[in-house]
2 protein chains.
Amino acid sequence: MARDTKKRRAELRERLIDIAEAQIREEGSASLRVRALAEKAGCAVGAIYNVFSEMPGLQLAVNGRTFARLGQRVTTAVSSRAEAPPVERLIVMAEAYLKFAADDPNLWRALFEVEMTADSEVPDWYLKDLSQLFAIIAGPLSELDPSAGPDEIDLRTRALFSSVHGIVFLGLERRISGVPMHRMEAMIEYLLRSFAKGSE
Amino acid sequence: MARDTKKRRAELRERLIDIAEAQIREEGSASLRVRALAEKAGCAVGAIYNVFSEMPGLQLAVNGRTFARLGQRVTTAVSSRAEAPPVERLIVMAEAYLKFAADDPNLWRALFEVEMTADSEVPDWYLKDLSQLFAIIAGPLSELDPSAGPDEIDLRTRALFSSVHGIVFLGLERRISGVPMHRMEAMIEYLLRSFAKGSE
DNA sequence: TTATTCAATGAACATCGTTCAAACCAAAAG
DNA sequence: CTTTTGGTTTGAACGATGTTCATTGAATAA
């Protein structure tokens, strides 16, 4: 019996994540409703709380998937041009990031909208995945300037990632501007070529 | 009577913004409660809706103040060093931005957390103030490279502002990293000197 | 003084996340 | 086969939330 329960729980868990993911993709993370979830999943509201003790946990689970896909997209984008000079690789990665965000703005935005109650800590995989993403960026950067120590590389990595993130974030913020895609690409290219010039 | 009413409304309006501002500063914009507001303002909940037809409107009013203070801080910071070379002025402005955000993280964050219902448009002053902020940045940038046309300057301005914003945003995101202040300053300086090098 | 007008009031409403006593089910025990 | 038992699933109920609107009340006009 215990086995059966575990299986059903796991199935329900996956189903819930599927439904929540679709909902966030289409209507944004603020549109998640327990009751709507329960109806679509064909279970009672209480059953959801057997799997996710709080709603933010479900959000976090969706974010886990999103993060994984993001990492994959960036990785495959850069691996297809492994021989290109460091700057070009940085640009490829940054534009993969941009494209990912533009393709699924709601899911991407949800990554930064996790409700932060006092008790819920940041999961380990969150920080691990993030540092992996940083590691991918650090590669070309240290190639660009082999004389820079690890501390300096870390600083530049964070600065660069944050900058690209800022461009994407404000660029996709419909209410402020609504910058067309090709201009965002131009900004990123300008940013990264400047970076490269400043780091050689 | 009409005069009296108008006056009382205006007073209540100011009082509400005061209270909401203090609340957001201390507990974040998500902690705003109509009932708590009414109690502190000494009025009924309904009275609030005579002044702000929806809660997001009050948020927006607080943001208006915040934006004004932000603009002032950046402007006075740079005007105190009007003779410095363009790069230095950019750094001064960016660090004023950083310091402003770090001093009042909740109020600053609230600028980007406005609930966006379909009907509520972005107020005019929002875009106007933003373009004013952009204009301040554009100055040093076009000094740095007089050959760049207005379109190119606009692109660089947005890219630079967004980049600084990204560094501050992710740096203050406690849950991801919690980057110490001096490292954020170092990132900004690195970013802007690279920018300058790439633009000359 | 009386009538009129409009703002202020706060109980009521709809909706949200969350809880928990009761119903239920499947396996073990009698 | 029937009964007991342990755990899960259920959905009504709870406490908060933003928002509304019939009622109250006070100030002006007649």
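For the numbers below, each heavy atom of this structure counts, side chains included, while hydrogens, waters and symmetry mates do not. Each chain gets a letter, A, B and so on, in the order the sequences are listed, and its residues count up from 1.
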Whole angstrom value for the distance that separates P of dG10(C) from CD of Glu39(B): 12 Å
Contact nearer the 5' end of DNA chain D, comparing Tyr49(B) with Gly42(A): Gly42(A)
Between P of dG10(C) and CG of Leu37(B), the distance in whole Å: 16 Å
Sugar-phosphate, base or nothing in reach of Leu32(B), heavy atoms under 4.0 Å: sugar-phosphate
Nearest-Å distance for atom pair CE/P, residues Met55(A) and dA16(D): 20 Å
5' priority, DNA chain C, between Leu12(B) and Arg35(B) [closest heavy atom]: Leu12(B)
Sugar-phosphate, base or nothing in reach of Arg33(A), heavy atoms under 4.0 Å: sugar-phosphate
Salt-bridge criterion met for Arg109(B) and Glu113(A) (N-O under 4.0 Å): no
Residues Glu88(B), Arg193(B): salt bridge by 4.0 Å N-O rule: yes
Residue mapping more 5' on DNA chain D - nearest nucleotide basis, Ala44(A) or Ser53(B): Ala44(A)
Arg73(A)/Asp103(A) ion pair, N-O < 4.0 Å: yes
Length of the CZ-C1' vector between Phe52(A) and dT18(C), whole Å: 16 Å
side-chain N/O Arg9(B) vs dA8(C) OP1/OP2, d < 4.0 Å: yes
Side-chain ion pair, Glu39(B) and Arg35(B), N-O less than 4.0 Å: no
